[in-house]
> 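The structure follows.
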Amino acid sequence: MDWSPSSWQSRPSSQPFAYRDPSELDRAVEKLRTLPPLVTSWEIERLKAFLADAEEGKRFLLQGGDCAETLDDCRPPIVTSKLKILLQMSLVLLHGLKQPIIRVGRFAGQYAKPRSAPEETRNGQTFPSYFGDLINRPAFDESSRAFDPNLLVAGYTHAAMTLNFIRSLTAAGFADVHHPEQWDLAFASRAGLSQELREEYTKTVATLSEAIRFMEALSEKAVDDLTRVEFFTSHEGLNLHYEAAQTRTVPRREGYYDLTTHLPWIGERTRDPAGAHVEFFRGVQNPLGVKVGPSVTPDAMRRLADILNPGNARGKIVWITRMGAERTHLIEPLVRAAQQEGMAGLWVSDPMHGNTRVTASGIKTRSFDDIEREIERTHEVHRALGSRLGGVHFELTGEDVTECTGGGLEEEDLDKNYVSVCDPRLNYRQALEMGFGLARLLAPRA
Ligand code: PEP
Ligand code: CO
């Protein structure tokens, strides 16, 4: 296989951000090469095994977090509230689906954003678009928008700090299911949760704690494993300088691992089979997410599968469909093709990116109902074909933001606390409600 961590450089990219000073770029990349990895091959292989289980219907994937993390968001309250909402959703799903949930955050590196237009013009001035904190800065002026290789190192250090905090929080205490008070209703009270939702959640936590006590009484020993939970990281592998610098071989294993994250994904705009991103990711051992939107054809999917997963291994590819609530029928030919050819892959729904719209007053938003409908319909397409929706992918936050409508928010509320630097996210209450809706939808049928 004629591949190396730099073979992507001879391929075209639809997301060109050319660094001005090659020696400055080299220095940043060299620095990243020498720094320790953010994740290990052991963890990556473990996630792959979990994903393979999910393909067989034995686990379910919950992936979520910000559209774009910012370096400034590397603060304890923001990290903990994001972790909490993901944990709480996973608990609700575990209870409803009666199977283990694989928790994957869009965090510790979700700093690079693909753009539809390379440049932005305001009042007659044109500068490069904002490609995320790993690449340039959001303010609209020449120096902020310049592509800055030093941000590669800044992104790495902030990812490392975020991940360090997440690892400590999830290692003990914070996520201990023996202490449901940790699962935090005080926190929930802030977010204007309805009495109904609060009661449903309290009941779920109580049922699970009781089940644990029962298990412990039965086996006469403590279920230690429940004092911690496992979290995996993911981000869009957009900036290949960043990914390649942390891509290495490791002792006693074959091949290269991208050690910036467990589960990198290839975006809707970068999945050209002849492009740089597919070239890069075909060479790594990580499981790979691949976003597929309305323009994908069964043939294109087949080609991607051949390139990215030539051995047709389970646990390797996560197909993340993002069609929009009105276009979920487009998933059908994809599933049929995969079934006919025995193509491996886990089917996951991203109900966010096909449902973005702009309000009359110019605010980018999404409605809770569209998001929920895309999942319901996607689930139905799979069910009707004898396939299975194996996971969900959300843009969400643990904060009380006002970015998506529904769940108590109207269009006129959107400017009250709109914080996202990119796409609109579900807020705390919307995310928890979504968790319960999903649990009902996907509960095993008697
Ligand atoms: C994203 O996940 O933030 C994103 C840009 O998605 P997509 O590639 O599906 O448009
Ligand atoms: Co997004």
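First listed ligand is number 1; within each ligand, the first listed atom is number 1. Here the structure is a predicted model, which means the values were calculated and not measured. We count residues from 1, following the sequence as given. Side chains included, hydrogens not; waters and symmetry mates left out as well; all remaining heavy atoms used.
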> Tell me, please, if C422 has any N/O/S atom, main chain or side chain, under 2.8 Å from the Co ion (ligand 2)?
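C422 does not place any N, O or S atom closer than 2.8 Å to the Co ion (ligand 2).
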> Identify, by atom number and element, the atoms of ligand 1 in contact range of W265, meaning under 4.0 Å from any of its heavy atoms.
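Under 4.0 Å from W265, ligand 1 has these atoms: 2 (O).
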> Side-chain donor-acceptor pair under 3.5 Å between E399 and S81, yes or no?
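Yes, a side-chain donor-acceptor pair sits under 3.5 Å.
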> Is it true that D272 and R269 have a side-chain N and a carboxylate O under 4.0 angstrom from each other?
no
> Looking only at distances, can you tell me whether any N or O atom of E236, backbone or side chain, sits closer than 3.5 Å to an N or O atom of ligand 1?
no
> Run through E403, E395, E411 and flag the one making a salt bridge (Lys or Arg N to Asp or Glu O under 4.0 Å) with R366.
E395
> Short list, please: which atoms of ligand 1 are under 4.0 Å from a heavy atom of R322?
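In order of number, 7 (P), 9 (O), 10 (O).
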> With heavy-atom distances below 4.0 Å as the criterion, list the atoms of ligand 1 near E395.
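Listed by number with element, the hits are 1 (C), 2 (O), 3 (O).
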> Less than 6.0 Å separating the ring centroids of Y156 and Y242?
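No.
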> Look at the side chain of S129 and the backbone N and O of A117, then say whether any donor-acceptor pair between them is shorter than 3.5 Å.
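Between the backbone of A117 and the side chain of S129 there is a qualifying donor-acceptor contact (under 3.5 Å).
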> Whether R137 and D148 form a salt bridge (side-chain N of Lys/Arg under 4.0 Å from carboxylate O of Asp/Glu) is what I want to check.
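Yes, charged N to carboxylate O under 4.0 Å.
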> Could you tell me the residue and atom name of the protein heavy atom closest to atom 3 (O) of ligand 1, and the distance to it rounded to 0.1 Å?
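Of the protein heavy atoms, K113 NZ, 2.7 Å lies nearest.
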> To make sure I understand the geometry: which N, O or S atom in E395 is closest to the Co ion (ligand 2)?
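Of all N, O or S atoms belonging to E395, OE2 is the one nearest the Co ion (ligand 2).
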> If you have a sec, read the angle at the Co ion (ligand 2) from D423 atom OD2 over to C67 atom SG, to 10 degrees.
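Between OD2 of D423 and SG of C67, the angle at the Co ion (ligand 2) is about 90°.
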> Considering only the protein, which heavy-atom contact is closest to atom 8 (O) of ligand 1, and what is its distance?
E268 N, 2.9 Å
> Who's closest to atom 5 (C) of ligand 1 heavy-atom-wise, of G267, C67, A112, P114?
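Looking at heavy atoms only, the winner is P114.
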> Say whether R106 and ligand 1 are in contact under the criterion: heavy-atom distance to a ligand atom below 4.0 Å.
yes
> Looking at non-hydrogen atoms alone, which of R271, Q110, H353 comes nearest to atom 4 (C) of ligand 1?
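Among R271, Q110, H353, the closest heavy atom to atom 4 (C) of ligand 1 comes from H353.
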> Out of the candidates H262, K48, E230, only one should pair with E43 under the side-chain contact (heavy atoms from CB on, under 4.5 Å) rule; please name it.
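Going through H262, K48, E230 one by one, the side-chain contact (heavy atoms from CB on, under 4.5 Å) with E43 is satisfied by H262 alone.
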> Using a 4.0 Å heavy-atom threshold (strictly under), name the region of K291 that reaches ligand 1: side chain, backbone, both or neither.
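Side chain only.
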> Would you please say whether a donor-acceptor pair under 3.5 Å links the side chains of N150 and E24?
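Present: a donor and an acceptor within the cut-off.
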> Under the side chain to side chain donor-acceptor pair (under 3.5 Å) criterion, do E243 and H235 qualify, and how do the steps go?
CA-CA 10 Å; E243 307 300 324; H235 63 244; 2.7 Å; yes
